[in-house]
Amino acid sequence: MTLAEAAQRCGPELFELARRHGFPEPEASPGGTEFYSRREVATWLARAGHDVPEEPRALLIADRALRLADVLEGADVPPGALHALGLPIT
C-alpha cells in the first residue's frame with residue numbers, strides 16, 4: 001500500500017509518524033511509487049502505541065496471495081503444485 005492509502009485507514013497523522021526513526025522503509029518497486037508493507041506499518045504503529053485499524057479480510061487474503069506468488073517466483077516448485085494453486089506453470 002502507499003503511504004496515502006495507509007493514512008486513509010490509520011488517519012492523516014500517519015504522514016507525520018512516517019518521518020520518525022524506525023518507521024518501515026518502502027519496498028522496492030518499479031515506476032517510482034513507494035509501497036509499504038501493511039504488516040510492517042501495522043507492527044510499527046502497535047509498538048509505538050497507536051491504534052491499528054482492523055484490515056478487511058479481502059485485503060489480508062490478497063496480501064498473503066501476493067506474498068506467496070513472490071516466494072514462488074523462481075523457486076523449484078512442481079508444476080502440479082502451481083496448477084493446484086491456480087498459478088501459471090512456467
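Given the structure is predicted, the values throughout are model-derived calculations rather than measurements.
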Is there a path of hydrophobic side-chain contacts, each under 4.5 Å between heavy atoms of I, L, V, M, F, W or Y residues, that connects Leu60 with Val41? no
Between atom OG1 of Thr33 and atom CD of Glu27, what is the distance when rounded to the nearest 0.5 Å? 13.5 Å
When rounded to the nearest 0.5 angstrom, what is the spacing between CZ in Arg9 and CD in Glu54? 12.5 Å
Quick one: list whatever passes side-chain contact (heavy atoms from CB on, under 4.5 Å) with Ala48, sequence neighbours left out. Trp44, His50
Closest heavy-atom pair, Leu45 versus Cys10, reported as atoms and distance to 0.1 Å, is CD1-SG, 3.7 Å
Nearest heavy-atom contact between Val77 and Ala81 is CG1-CB, 3.7 Å
Ala18: side-chain contact (heavy atoms from CB on, under 4.5 Å) partners, not counting sequence neighbours: Leu3, Phe23
From CA spacing to verdict: salt bridge (charged side-chain N to carboxylate O under 4.0 Å, His left out), Asp63, Arg38: CA-CA 9 Å; Asp63 179 61; Arg38 189 243 176 247; over 6 Å; no
Which pair of non-hydrogen atoms, one from Ala6 and one from Leu14, has the smallest distance, and what is that distance? CB-CD2, 3.2 Å
Is there a side-chain contact between Ser37 and Arg67 in this structure, where contact means two heavy atoms from C-beta onward sitting under 4.5 Å apart? yes
Verify side-chain contact (heavy atoms from CB on, under 4.5 Å) between Arg64 and Leu68, making sure each step is shown before the conclusion. CA-CA 6 Å; Arg64 290 176 182 157; Leu68 175 62; over 6 Å; no
Give the minimum heavy-atom separation between Tyr36 and Pro26, together with the two atoms involved. CE2-N, 3.6 Å
For Thr2 and Phe35: C-alpha separation, side-chain torsions, deciding distance, then whether side-chain contact (heavy atoms from CB on, under 4.5 Å) applies. CA-CA 5 Å; Thr2 65; Phe35 290 98; 3.8 Å; yes
Return the set of residues passing side-chain contact (heavy atoms from CB on, under 4.5 Å) with His83 (not counting sequence neighbours), or none when no residue passes. Ile89
